[in-house]
Enquirer: 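Take a look at this one; I'll ask things after.
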Amino acid sequence: MKTRKHVFLIVLGALLMLVGGVLIAQVGEGLQYILPAPEEAKELEALYEDGQKQLEGMADTLSDYAIGARLQGANLSREGGESVQTVIYAVGEGYFDTMHETLLAGRYVSSTDIKKGLDVIVLDERAALSLFPGDDPIEKKVMLNGELYEVAGVIKGGRRLGERDEHVVYIPITTASRRGLNMQTVEMNAHGNNPTGSAILMKDTLSSWKRGGSFYQYDKLALGAWMPARWAVLFVGIAVLIALLRRVNSSTWKRICYYTDQLKTRYARDMLPGMAGNFLVCAAGYGGLLAAAFLLAKFSIAPLYVFTEWIPEVVVELSALTSRFWSLNDMNAAAVRYTSRFLCQMELGQGLLRWGMLALLLGLVLRANKWLNHRPEKQALPTER
């Protein structure tokens, strides 16, 4: 059986694009500002309280917001039992309302836990099963980096993309500060009421408050990841519209020629019903094409409402174009970039999308080349008897 390389490439490309699209969709919409945690762990609580004030000042444009700090490579164990590596999220008020983890048992870290700096911890499901096999972990004690914590709850999940360690735990951010945990980054998460306006306000406000952080607008990153596919859809859409326009023009011209010829031998009033019907068919065809062209144009300019930084103030001035180019360069020229698990998942999905699209296009090109080079087999002439 002959191997069909183009079929393999098309299927592979489609699968890669599907997986990449799912990974990007799982990230969802959201705004995130990530900055380095204070060198002195005791300063984390003060940074949290100051950050809360900054976010509260934008409450009119943000639907929800929360602050958390992250530390990878922590040691989690049960007294006298097994030890595992985990990611610590030190969370502030409203964190679970913003980040939406699924609770399986017990409770989340509460406002009271945060205000009082209590030694409570929420484990992921796999960590709970590893440390307490066949036992209820709620209100049991665990050791986190050598300090005792009481298990308050268990959430669904285990190892996640964008995290180095297999497990994840949550503690109050005030407890992390009091315990002297040297967190690596502080993540300020939010969802905006107005996608573009909220993002601009949050970025400008927090960048002025604490410079040097990294800001991410995930719906914007998702749109950017899909841009190659959007360009392909736009190209195919224009080609299809041109082909359909030619067919409609040809059909209309044939109808015109037919009725022009009929008018030589028949009265116009006898042909009015047929002419009116054909006119409506042609008008419907052109109307459909116009509507499709409008939707395609709307589809093509939609990114400009999100990527507002692409548009120069004056399109015809070289200085404005040059200024816009260098401003775009400056946005990507940061010497240090702080990442989160959401960004890592987004970038993985984007990579799969691009490689999948490349494989898909290569498969389609090979398929088209095979079709164009196909030659029908010559039929043998019948022999005379």
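Heads up: numbering here begins at 1 and tracks the sequence. These numbers come from a predicted model, not from an experiment.
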Enquirer: Please tell me whether L206 and F215 are part of a single hydrophobic cluster in this structure, the criterion being side-chain heavy atoms less than 4.5 Å apart.
Expert: yes
Enquirer: Within the structure provided, determine whether T339 and S214 are in side-chain contact (heavy-atom separation under 4.5 Å).
Expert: no
Enquirer: Just checking, R78 and F132: is the charged tip under 6.0 Å from the six-membered ring centre and within 45° of the axis?
Expert: no
Enquirer: Testing the 3.5 Å rule here: is there a donor-acceptor pair between the side chains of Q26 and Q345?
Expert: yes
Enquirer: Check each of E163, R164, E187 against R341 using the side chain to side chain contact (heavy atoms under 4.5 Å, CB included) test, and report the only one that passes.
Expert: E163
Enquirer: Do I173 and L44 make a side-chain contact, defined as non-hydrogen atoms from C-beta onward lying under 4.5 Å apart?
Expert: yes
Enquirer: If we check side chain to side chain donor-acceptor pair (under 3.5 Å) with Y218, which of these qualifies: E29, Q32, H191?
Expert: Q32
Enquirer: Would you call the rings of Y89 and Y95 parallel, tilted or perpendicular, taking 30° and 60° as the class edges?
Expert: tilted
Enquirer: Is the closest side-chain heavy-atom distance between I155 and E125 below 4.5 Å?
Expert: no
Enquirer: Would you please say whether a donor-acceptor pair under 3.5 Å links the side chains of R255 and S251?
Expert: yes
Enquirer: Test of understanding: clusters of I, L, V, M, F, W, Y form through side-chain heavy atoms closer than 4.5 Å, transitively. Do M99 and V168 belong to the same one?
Expert: yes
Enquirer: Can S198 and N193 be counted as having a side-chain donor-acceptor contact under 3.5 angstrom?
Expert: no
